[in-house]
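Here is the naming used below: chain letters follow the sequence lines, and residue numbers restart at 1 for every chain. Since the model is a prediction, treat every value here as computed from it, not as a measurement. Keep in mind that the numbers below use all heavy atoms, side chains included, and drop hydrogens, waters and symmetry copies.
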2 protein chains.
Amino acid sequence: MNIGEVAARSGLPAKTIRYYEDIKLIRPARDANGYRAFSEADLHKLTFLSRARALGFTIEDCRALLALWEDSSRASADVKQIAGEHLDEIDRKIADLKSMRDTLAGLVRDCAGDGRPDCPILTGLSKPRG
Amino acid sequence: MNIGEVAARSGLPAKTIRYYEDIKLIRPARDANGYRAFSEADLHKLTFLSRARALGFTIEDCRALLALWEDSSRASADVKQIAGEHLDEIDRKIADLKSMRDTLAGLVRDCAGDGRPDCPILTGLSKPRG
DNA sequence: TATAGGGGTTCCATCTACTGGAAGGTCAAG
DNA sequence: CTTGACCTTCCAGTAGATGGAACCCCTATA
């Protein structure tokens, strides 16, 4: 498979796939003409990466997960630990965003949003530790 | 005020304050010795920036908000629009993260997390469009 | 056979929002 | 006079791509 096909089938842009090769997440073979020659296994890995990145795993998480994925003697506990840590991180992010949201929603709610200059949003943003 | 003091009072690292000058969010005066000389107004802006950034506004949002903040004839509607758009964006991010969370939590829940290699997390991540 | 197009390749620059570190100038205290 | 805490500038690097230039390759068609 050429890069265009794996791009279409994995859902990743060709640029991103080249980048993933660059940082050694994948190591596709090469045809005589210099084109990358992707195997089914490469495609499988790219699909994995596409999914894992969409779920917010960092590249380094992905590298670790890929290594486990390729290691048939892995312990599922190792995988579960990485995923569990990431889950906690997502939970923290959600909590942060919710707190932001509530603060901001309060400011927006109190703003008249008319032609006058008085604006609780600006006032609120200029107060420390709100 | 020197940079150390505004850093302490605004809650922003000195490095970040220099960066903000670099990208022209602030324009502090200079003492004869070359040190930055911050006014109360500068400190006020930095506090504003610190808050706004903590609420997830981008630097360009901040630039626009600062401009409105300095414009005494602004319409609060203009501010409300920027804040409202940002609020929508936060809501989208929260929704995205929640959906990630649920997917990932499902995978983690189904994983035995023991010494055996069978792992629904890895299996689940290798399926497209889950 | 020339050419047009739609692939592919490399490399370099850019983005966001900082952060780290080196090399050096300034200032107040002991 | 030296020490140490400040301050300065500049250069490089982070994550995770993305955009673009310049160029090569392959196939189809006139």
Just how far, in rounded Å, is [atom2] of [N] from [atom1] of [X]?
X        : N       : atom1 : atom2 : answer
Ile23(B) : dC18(C) : CD1   : C1'   : 9 Å
Glu5(A)  : dG6(C)  : CD    : C1'   : 15 Å
Met1(A)  : dG7(C)  : CE    : P     : 17 Å
Ile17(A) : dT9(C)  : CD1   : C1'   : 15 Å
Leu12(B) : dT19(C) : CG    : C1'   : 14 Å
Glu21(B) : dC18(C) : CD    : C1'   : 16 Å

So does [Y] get a backbone contact from the side chain of [X], meaning a donor-acceptor N/O pair under 3.5 Å?
X         : Y         : result
Arg74(B)  : Pro117(A) : yes
Ser50(A)  : Leu46(A)  : no
Asp22(B)  : Tyr19(B)  : no
Ser10(B)  : Val6(B)   : yes
Arg53(B)  : Phe57(B)  : yes
Asp114(A) : Arg116(A) : yes

Would you be so kind as to tabulate the donor-acceptor pairs closer than 3.5 Å made by side chains of residues 89-100 of chain B, with sequence neighbours excluded?
residue  : atom : partner   : partner atom : Å
Asp91(B) : OD1  : Arg101(A) : NH1          : 2.9
Asp91(B) : OD2  : Arg101(A) : NH1          : 2.9

inquiry  = Based on the rotation axes of five pairs at each end, what angle does the helix from dT1(C)-dA30(D) to dG30(C)-dC1(D) bend through, to 10°?
reply    = 30°

query = So with a 6.0 Å cut-off around CD of Glu70(B), is the heavy-atom count from everything else above 12?
reply = yes

ask   = Considering only heavy atoms, which members of residues 25-44 of chain B lie under 4.0 Å from some atom of DNA chain C?
value = Asn33(B), Tyr35(B)

note = Taking dT9(D), dC18(C), dT10(C) as options, the one with an atom nearest any side-chain atom of Arg18(B) is dT9(D)

key: Below 4.0 Å: OP1/OP2 of dG16(D) and any side-chain N or O of Thr16(A)   = no

Between side-chain atoms of residues 58-68 of chain B and protein atoms elsewhere (two or more places apart, or another chain), which donor-acceptor pairs fall under 3.5 Å?
residue  : atom : partner  : partner atom : Å
Thr58(B) : OG1  : Glu60(B) : N            : 3.4
Thr58(B) : OG1  : Asp61(B) : N            : 3.0
Thr58(B) : OG1  : Asp61(B) : OD2          : 3.4
Glu60(B) : OE1  : Arg63(B) : NE           : 3.0
Glu60(B) : OE2  : Arg63(B) : NE           : 3.4
Glu60(B) : OE2  : Arg63(B) : NH2          : 3.4
Asp61(B) : OD2  : Thr58(B) : N            : 3.3
Arg63(B) : NH1  : Ile23(B) : O            : 3.0
Arg63(B) : NH2  : Ile23(B) : O            : 3.1

task = If a protein heavy atom is under 4.0 Å from the base, mark B; if only from the sugar-phosphate, S; if neither, -; do that for nucleotides 12-17 of chain C going 5' to 3'.
result = -----B

query = If you look only at pairs with a residue in residues 23-32 of chain B, which of them pass as a side-chain hydrogen bond (donor to acceptor under 3.5 Å, both in side chains), with sequence neighbours excluded?
reply = Glu21(B)-Arg30(B)

inquiry  = Within the 3.5 Å criterion, strictly below it, is a donor on Ser76(B) or Asp118(A) matched to an acceptor on the partner's side chain?
reply    = no

